[in-house]
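Remarks on the structure that follows.
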Amino acid sequence: MSSSLLTRARAGDAPSLSRLISLVESRPPELDSVLQEIHAAGGRAHVIGITGAPGSGKSTLVAALVRALRRRGRTVGVVAVDPSSSLTGGALLGDRIRMQEHVLDRGVFVRSMSTRGALGGVSRATVDAVAVLDAAGWDDVIVETVGVGQDEVDIMRIAHTTAVVSVPGLGDDVQAIKAGLLEIADIHVVNKADRPEADRTAAELLSMLTLAGPPGADGWAIPVLRTVALDGTGVDELADTLAAHVEWLRGSGEMERREEAAAAARIRSIARELAVARVQSPADGTAFAACARAVARRELDPHTAARSLLDARPLETV
Ligand SMILES: Nc1nc2c(ncn2[C@@H]2O[C@H](COP(=O)(O)OP(=O)(O)OP(=O)(O)O)[C@@H](O)[C@H]2O)c(=O)[nH]1
Ligand SMILES: [Mg+2]
């Protein structure tokens, strides 16, 4: 059933694609063969991360970027991770309105992730959604996330190219965010460049990059671009730069390095899930509960308990 969902998703059927993403998210054990198929079919999409401070214009920029990429004939999947939506639902609604112009376009697919709703955590749900879109044959997969927590930085590991969005003149908070995101930025974007302090912010970013040192001989010189997402100014340059970056990744061997780092992170996180499922299997909760009781009573230490639970059980699938 799910295998034919993938076939239909690959043929461009959006409802099948949505269902497949939900199915992968819920991850029933019988899904293993589909996950294998999804993995085998993937590896062609350019995964683009757009991150930055709340309200910096990421969603507006993504909508404009989708427009630019569509003009180039590329199909675009968007995964929007929206922590603010878990509080108000408002931001998500706003994103829907912004993406409205694209709803009738079969070359655009948008999936919104609310941090509240995602089974198994938003990072896993996001990684899975990206894998499905890649397997389904989308040319570009854009992941939008607020760059504040470690979770979001982790999500960005799956991106081939990460653009960090800043806005003019927001002071020290933003400096801190920028510092945290500096190491993951392949491209800096100063959005809202219609505001007076855009030049200064771009200059600050450039000086931070200069302090960080020059790129190596065949390195990537991190550019600082300016955009006005509201009217699309600078967005074609962003699309050009994204294309140039992926070309550099492929030519320099950096693509393989990043793919391997992302694979390692995925294996680690799945192994972690499997290990937890193994020590606390629903089929046999009693051993775990007995251990917890013994540890609480100081009859056993938690390290020995965890080790013995891990050793005792056959490997199960999650
Ligand atoms: N002046 C100006 N305003 C902009 C620009 N781009 C976006 N905005 C406005 O900035 C506000 C926030 O835009 P969003 O696209 O929702 O920003 P976001 O970063 O996605 O926000 P969150 O997802 O909530 O973190 C909206 O009112 C936009 O209209 C721009 O280039 N110039
Ligand atoms: Mg947004």
Side-chain angles (χ1 to χ4, degrees), residues 48-69 76-103 108-118 122-123 125-126 129-130 140-156 159 162-171 173-178 180-181 184-185 187-202 205 223-239 241:
I48 300 163
I50 305 278
T51 189
S56 51
K58 298 178 294 298
S59 300
T60 313
L61 186 63
V62 168
L65 182 60
V66 167
R67 221 172 291 138
L69 293 169
V76 192
V78 178
V79 183
V81 183
D82 200 336
S84 49
S85 65
S86 59
L87 299 176
T88 62
L92 216 66
L93 184 65
D95 288 351
R96 276 203 195 109
I97 292 164
R98 261 189 297 268
M99 293 308 281
Q100 205 79 58
E101 64 169 284
H102 298 300
V103 291
V108 178
F109 178 87
V110 181
R111 177 79 168 198
S112 290
M113 298 276 168
S114 115
T115 34
R116 186 180 45 185
V122 69
S123 317
T126 305
V130 170
D140 293 310
V141 179
I142 302 177
V143 182
E144 178 201 332
T145 173
V146 174
V148 283
Q150 188 56 44
D151 257 14
E152 284 79 26
V153 173
D154 283 347
I155 291 172
M156 282 303 145
T162 299
V164 173
V165 182
S166 308
V167 286
L170 271 189
D173 293 357
V174 172
Q175 289 300 335
I177 291 172
K178 272 188 234 157
L181 291 174
I184 63 165
I187 299 168
H188 278 284
V189 177
V190 178
N191 187 41
K192 310 198 184 184
D194 49 320
R195 290 191 180 169
E197 287 188 75
D199 286 345
R200 217 185 81 194
T201 304
L205 279 167
V224 178
L225 306 178
R226 273 166 251 203
T227 57
V228 182
L230 278 180
D231 67 8
T233 302
V235 177
D236 267 319
E237 288 78 358
L238 174 58
T241 309

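Please read these numbers as outputs of a predicted model, since none were measured by experiment. Both ligands and their constituent atoms are indexed starting at 1 by order of listing. Residue numbers run from 1 in the order of the sequence given.
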May I ask you to list the atoms of ligand 1 that are less than 4.0 angstrom from any heavy atom of [X]?
| X | value |
| --- | --- |
| E144 | 20 (O), 23 (O) |
| P54 | 25 (O) |
| D194 | 1 (N), 2 (C), 30 (C), 31 (O), 32 (N) |

For ligand 1 and [X], I'd like to know whether there is a polar contact (N/O to N/O, distance under 3.5 Å).
| X | value |
| --- | --- |
| V146 | no |
| S56 | yes |
| A229 | yes |
| R195 | no |

Nearest-0.5 Å distance, CD1 of residue I50 to OG1 of residue T162: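 It is 8.5 Å, given to the nearest 0.5 Å.
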Gap separating the CD1 atom of I48 from the CG atom of L69, nearest 0.5 angstrom: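 Separation between the atoms: 6.0 Å.
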Whether S59 has an N, O or S atom under 2.8 Å from the Mg ion (ligand 2): yes
Residue E144 atom name (nearest to the Mg ion (ligand 2); N/O/S):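 The closest N, O or S atom of E144 to the Mg ion (ligand 2) is OE2.
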Heavy-atom nearest neighbour of atom 3 (N) of ligand 1 within options D231, V235, L230, V81: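 Shortest heavy-atom distance from atom 3 (N) of ligand 1: L230.
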Audit row: S59, E144, side-chain hydrogen bond (donor to acceptor under 3.5 Å, both in side chains) steps and yes/no: CA-CA 7 Å; S59 300; E144 178 201 332; 2.8 Å; yes
Residue list, side chain to side chain contact (heavy atoms under 4.5 Å, CB included) with D199, at least two apart or on another chain: R226
side-chain contact (heavy atoms from CB on, under 4.5 Å) between V167 and V190, intermediate numbers included: CA-CA 5 Å; V167 286; V190 178; over 6 Å; no
side-chain hydrogen bond (donor to acceptor under 3.5 Å, both in side chains) between T227 and N191, intermediate numbers included: CA-CA 5 Å; T227 57; N191 187 41; 2.9 Å; yes
Pair V189-V164, side-chain contact (heavy atoms from CB on, under 4.5 Å): steps then yes or no: CA-CA 6 Å; V189 177; V164 173; over 6 Å; no
